[in-house]
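Note: hydrogens, waters and symmetry copies are ignored here, and every other heavy atom, side chains too, is used. Only a predicted model underlies this, so the values are computations on that prediction, with no experimental measurement involved.
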Amino acid sequence: MENRYNPKDIEKRWQDRWFATDMYHAKDFDSKEKYYLLAEFPYPSGDSMHMGHARNFTNMDSVARLRRMLGQNVLYPIGWDAFGLPTENYAIKMKRPPQEITKENIATFIKQLKAMGFSFDWDREIDTTDPEYYRWTQWIFLQLYKKGLAYKAEMPINWCPKCKVGCANEEVVGGRHERCDEPVEQRNMNQWVLRITKYADRLIDELDKTEYWESVKSAQRNWIGRKTWYDIDYKVEGTDITLRVSTTRPDTQFGSTFVVVAPDSEVAEKLLKYIPEERITDVKQYIEESSKKTEEERIVGQGEKTGVETGLVCKNSITGRDLPIYLADFVLSTVGTGMVVGVPAHDKRDFEFATKYGLPVIRVIEGLDGDRSEIDSVEKVYEDEGIVFNSDFIDGMKSEDAREKMGEYIKEKGIGDVVIRYNLRDWIFSRQHYWGEPIPIVHCDKCGEVPVPEDQLPVKLPEVESYEPTDTGESPLASISEWVNTKCPKCGGYAKRETDTMPNWAGSSWYYLRYIDPHNNKEFADMEKMKYWMPVDHYEGGSEHVTLHLLYSRFWHKVLFDLGLVPEVEPYKVRTIHGVVLGKDGSKMSKSLGNVITPDELLEEYGADVTRAYLMFMGPYEGDVSWSTEAINGVKRFVSKLYTYILALWVKKDDKLAENKDVAKLVKKVHDDILNFKFNTSISALMQFYNSNIDSTFSTADIERLILTIAPILPHMAEEIWEKTGHEFSVHMQRWPEIDESLLEDDVIEIPVQVNGKLRGKIEVSSDATQEDVEKIVLESQILGDVEVKKLIYVPKKIVSVVV
RNA sequence: GCAGGAAUGGCGGAAUAGGCAGACGCGCGGGACUUAAAAUCCCGUUCUAGCAAUAGAGUGAGAGUUCGAUUCUCUCUUCCUGCACCA
């Protein structure tokens, strides 16, 4: 029974030994080639590590282990993104300090990650809630502040009237507060804002310097939403007001039939005094009503257009036609100039509005095959580009050219402008919560806003009695007078601390830099060390972070770059997205569905190596995978068989044998698959090797190759076998096996023969056979029978195709 | 609506510089061991017909290019993910 696989006996022993040495420590300035492998750091929730964490870290761990064996100096770090609402909410509920809760949660996570046997460099562990960490988060904020990239402004925030708390956008789902399901309202509050829009162009253009997946790049571009707008002045008749309407499709100008102004815009206010008496009551009532609509009602009301006629008319300065002016809240004051020109033939929303108010529809863009038919239903509205007709000086042009011409025209005539605009808004950086980094600013009556001097950082979060948000919407910090009341660093007079804290995104915007130099108390990271390690070679994470987190961290990085504080413009060279581990039925694992399976249960039942192998085997790493208990049992069977198998091979090893082809092929396949993130097929390859070599005998060198090959995948088992076969600790510090490349090619290969596209037989040929050789073999074989051969194609080493 | 991606046996999936479709695993069927069960091991397993050798069909649907298409092109359908009354 000695060779029976029993992970419980092995795994803990090797983990203790690994973590007692510094074998996974990444050495600064090592002459080996560096490789920085970053997996998103987890939020240490009270529910312990979930399956998604286990899967991602497992996959990345196999890459880290393989690359070390290939002779690279691998930085594979771990840390904790520990500020955040779940912990704060839990603290409020339990009436315990979040600091304590966070410590406990982290301790649980560490235990679990170590039990999985991940090869993190534990010397570089970081925690965003550690004052020695957030000191530098605050320091970076001050650099932004000094550069004029952080400012305070009245900004609308989401306000939950039930909880009496300001909510971040990420806490609002479908217009409702995530925590209590109450609809949120808009409230104006003085907020810290970061000027990310200043970097909008570079955040798009410098994507070219990265090798992100296309889907990641396009998510970034879409979020920023850079577009060319054409603003055109229309004079309102009988007034001195000019409406500057905005459009991205000036090629449809000659199809315009009305103008809509957002009811909450300043212009709407100005128009009021000219509105004829018989309309004024209706208009005022409409403005009133739409201002009361919550975000949720607006979304629900989508499709059902409401609006009001002002009775005013303006002149389209391109076409010279008079257009009636409406107020309608489907037009947003924050988009473009908050005024749009209605072209019902070429915009669905405009069409719906026009139908409701009986406005004319004029088509000016040809459809496919010169289609100029009337637009009489929403389905027929033609929003694509095409050839412009009935349009005076842009007649017959393609949409693209018409736009350019129109841009020149309005600039020439001085009736408008061409403007680049973005969907991206400045980043609201304030949170009125306790569990975040305090914003290091004090407010002095005399000196105004004063940044906390750098030598007084960190501004530590005070210990308080209560973490509950206050009625006023202020952070709970506001009620701690001994903390709030302070001296002005400039004049020494009375001053108050800023009580807003930073959002969860702050600490994670630069953590990859801190891993490089986690214990530095002079600066956030040493420049020479950053020059050695940066950029991150591969950043792996969830799809939920490819817009905001990625954008925010790229923004901070660029600011640091401009200040000469980091060596590269872009922080991450490659960014990939992993799939999600779903429950058995393909739905999300959730407590309410009762389909949650935790890594803890698996470790208990199967041990770390089987769990790891299964997580790799489940499916392609970028896709979602459903949990299957049956399937992990299959992997368990295989892993235990493999264990006894390799030990048995060692007993009957035969050194008279030459180097084995199958072993060479396996070494190559596992190497390629792991580096290409095809973890599932690396496991298949092991299984296949086992199946076809159950009765084989190998030389010492080949068995050693085999053990080394499983090391990145089954790290504990490989270590155990390595020891049992009389080798010295540790298998993970060995070089990846060298193989004789010539063994990868077979001398004699079996080639399929196709006749008229159908498989009809197979022949054996030597790998260097010529077309003539093959032709002869095929004709001599019985495959073709008695037919006339018209053509014979031999694709070397692939196939023979015969046409008869 | 826009952007990105996907569709292959009963299930998860494999194979794309165009070259034997279904590797590998699960499940299922049969057998061995067992008083019996579990575990383990062996054989089989895309579908249809046939005892079989074998023949035909087959990678969401339809067309096209090609000696040859899961892979390339066009049209369409469905699904997932992110964003969105963004004009």
Side-chain angles (χ1 to χ4, degrees), chain A residues 213-225 227 229-230 245-250 252 256 260 262 298-299 301-306 328-332 334-343 346-350 352-353 381 383 421-424 542-548 577 579-580 586 613-614 617-620 622-635 637-638 640-641 678 680-692 694 750-762 790-804:
Chain A
W213 281 358
E214 189 46 43
S215 64
V216 176
K217 286 189 183 181
S218 91
Q220 295 274 294
R221 281 191 215 104
N222 270 325
W223 186 265
I224 298 167
K227 287 195 191 104
W229 290 73
Y230 299 79
V245 302
S246 53
T247 178
T248 57
R249 289 293 301 276
T252 65
S256 62
V260 185
R298 249 178 25 87
I299 294 166
Q302 197 170 319
E304 179 60 32
K305 304 273 177 291
T306 64
D329 61 9
F330 78 90
V331 170
L332 306 177
T334 51
V335 176
T337 58
M339 291 165 259
V340 299
V341 50
V343 185
H346 303 294
D347 182 289
K348 289 200 167 118
R349 287 157 312 181
D350 291 351
E352 282 168 17
F353 192 79
V381 171
E383 294 187 325
R421 287 202 183 89
Y422 310 86
N423 288 344
L424 184 71
S543 61
E544 70 275 26
H545 293 136
V546 295
T547 45
L548 295 180
I577 305 174
V580 178
Y614 174 60
F617 185 60
M618 284 178 97
E622 71 277 9
D624 293 348
V625 287
S626 295
W627 174 259
S628 160
T629 304
E630 289 82 12
I632 193 177
N633 279 323
V635 173
R637 274 197 283 275
F638 169 69
S640 6
K641 280 190 291 192
K678 298 171 94 175
N680 52 336
T681 49
S682 70
I683 306 285
S684 306
L686 283 178
M687 292 171 167
Q688 220 170 327
F689 173 85
Y690 168 83
N691 289 342
S692 51
I694 293 176
E750 205 183 41
I751 297 284
V753 180
Q754 276 185 356
V755 180
N756 285 350
K758 284 222 184 309
L759 182 67
R760 281 294 179 256
K762 284 173 186 181
K790 280 196 188 143
K791 197 169 168 190
L792 190 145
I793 301 158
Y794 173 55
V795 183
K797 297 172 200 176
K798 294 271 176 155
I799 204 165
V800 180
S801 188
V802 188
V803 187
V804 299

Exercise. Is the shortest distance from a Lys or Arg side-chain nitrogen in A:R221 or A:E214 to a carboxylate oxygen in the other one below 4.0 Å?
Worked result: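 Here A:R221 pairs with A:E214 in a salt bridge, since their nearest N and O are under 4.0 Å apart.
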
Problem set entry | A:V580 backbone acceptor or donor facing A:D624 side chain under 3.5 Å | yes

Problem set entry | Test item: A:R249 side-chain N/O and A:E383 main-chain N/O as donor-acceptor pair under 3.5 Å |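 Yes, the answer is positive, given that a donor and an acceptor are paired below the 3.5 Å cut-off.
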
What distance separates [X] [atom1] from [Y] [atom2], expressed to the nearest 0.5 Å?
X	Y	atom1	atom2	value
A:L686	A:T681	CG	OG1	10.5 Å
A:K678	A:S684	NZ	OG	11.0 Å
A:I632	A:S628	CD1	OG	9.0 Å

Rounded interatomic separation in angstrom, taking [atom1] from [X] and [atom2] from [N]:
X	N	atom1	atom2	answer
A:E383	B:C86	CD	C1'	12 Å
A:E214	B:G5	CD	P	7 Å
A:W223	B:C86	CH2	C1'	12 Å
A:D350	B:C85	CG	P	15 Å
A:E630	B:G27	CD	P	6 Å
A:L759	B:A57	CG	P	13 Å
A:Y614	B:G25	OH	C1'	10 Å
A:H545	B:C83	NE2	P	12 Å

Can you identify which nucleotide, out of [options], has its nearest atom closest to the [X] side chain?
X	options	value
A:T547	B:C24, B:G82, B:A87	B:G82
A:V340	B:A21, B:G25, B:A87	B:A87
A:I799	B:A87, B:G19, B:A3	B:G19
A:N691	B:G25, B:A21, B:C85	B:G25
A:R349	B:C83, B:C24, B:A87	B:A87
A:V331	B:C85, B:A87, B:C20	B:A87
A:K227	B:C24, B:A87, B:A21	B:A87

[atom1] spacing across the pair [N] / [M], given as an integer number of angstrom:
N	M	atom1	answer
B:U45	B:C26	P	16 Å
B:C42	B:C67	C1'	43 Å
B:U65	B:U73	P	16 Å
B:C86	B:G5	P	23 Å
B:G60	B:U70	C1'	12 Å
B:G50	B:A57	C1'	16 Å
B:C80	B:A15	P	25 Å
B:A21	B:A69	C1'	12 Å

Identify the heavy atoms of [X] and [Y] that sit nearest to each other, and give their distance.
X	Y	value
A:S246	A:G336	OG-CA, 3.6 Å
A:P752	A:L759	CB-CD1, 3.6 Å
A:A219	A:V546	CB-CG2, 4.1 Å

Would you please name every residue forming a side chain to side chain donor-acceptor pair (under 3.5 Å) with [X], sequence neighbours left out?
X	value
A:Q220	A:R554
A:S256	A:N316
A:R760	none
A:T629	A:W627

Problem set entry | Ring geometry between A:F330 and A:F353 (parallel below 30°, tilted from 30 to 60°, perpendicular above 60°) | tilted

Problem set entry | By ring pair (Phe, Tyr, Trp, His ring centres under 6.0 Å) - contacts of A:Y230 (at least two apart) | none

Problem set entry | For A:F689, ring pair (Phe, Tyr, Trp, His ring centres under 6.0 Å) partners two or more places apart | A:F698

Seminar exercise, completed: Its glycosidic angle compared against 90° from 0, B:G9 adopts the form syn

Seminar exercise, completed: Whichever of A:S215 and A:E544 has the more 5' nearest nucleotide on RNA chain B, that residue is A:S215

Exercise. Between A:A631 and A:V800, which has a closest nucleotide on RNA chain B that is more 5'?
Worked result: A:V800

Extract all donor-acceptor atom pairs below 3.5 Å that involve side chains of residues 797-804 of chain A and protein atoms in other chains or at least two apart in sequence.
none

When all nucleic acid strands are considered with a 4.0 Å heavy-atom cut-off, which category describes [X]: base, sugar-phosphate, or nothing?
X	answer
A:T247	sugar-phosphate
A:G634	sugar-phosphate
A:R249	sugar-phosphate
A:K790	nothing

Problem set entry | Minimum side-chain heavy-atom gap A:T337-A:W229 below 4.5 Å | no

Problem set entry | Within-4.5 Å side-chain heavy-atom neighbours: A:W223 and A:L548 |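 Of all side-chain heavy-atom pairs linking A:L548 with A:W223, at least one is under 4.5 Å.
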
Are any protein N/O atoms closer than 3.5 Å to N/O atoms in nucleotides 31-34 of chain B? If there are, list each pair with its distance.
none

Protein-nucleic acid N or O pairs under 3.5 Å, nucleotides 37-45 of chain B:
none

Exercise. Has the side chain of A:K348 got a donor or acceptor atom sitting under 3.5 Å from an opposite partner on the base of B:C85?
Worked result: no

Short N/O separations, protein against nucleotides 64-67 of chain B, under 3.5 angstrom:
residue, atom, partner, partner atom, Å
B:C67, O2, A:S801, OG, 2.4

Exercise. In which stems does RNA chain B show up, taking only runs of three or more Watson-Crick or G-U wobble pairs whose two distances fall under 3.5 Å?
Worked result: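 Runs of three or more consecutive pairs: B:1-7 with B:77-83, B:10-12 with B:24-26, B:27-32 with B:40-45, B:46-49 with B:54-57, B:60-64 with B:72-76.
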
Problem set entry | Base-contact (B) and sugar-phosphate-only (S) positions in nucleotides 6-16 of chain B, heavy-atom cut-off under 4.0 Å, - elsewhere | ------BSSS-

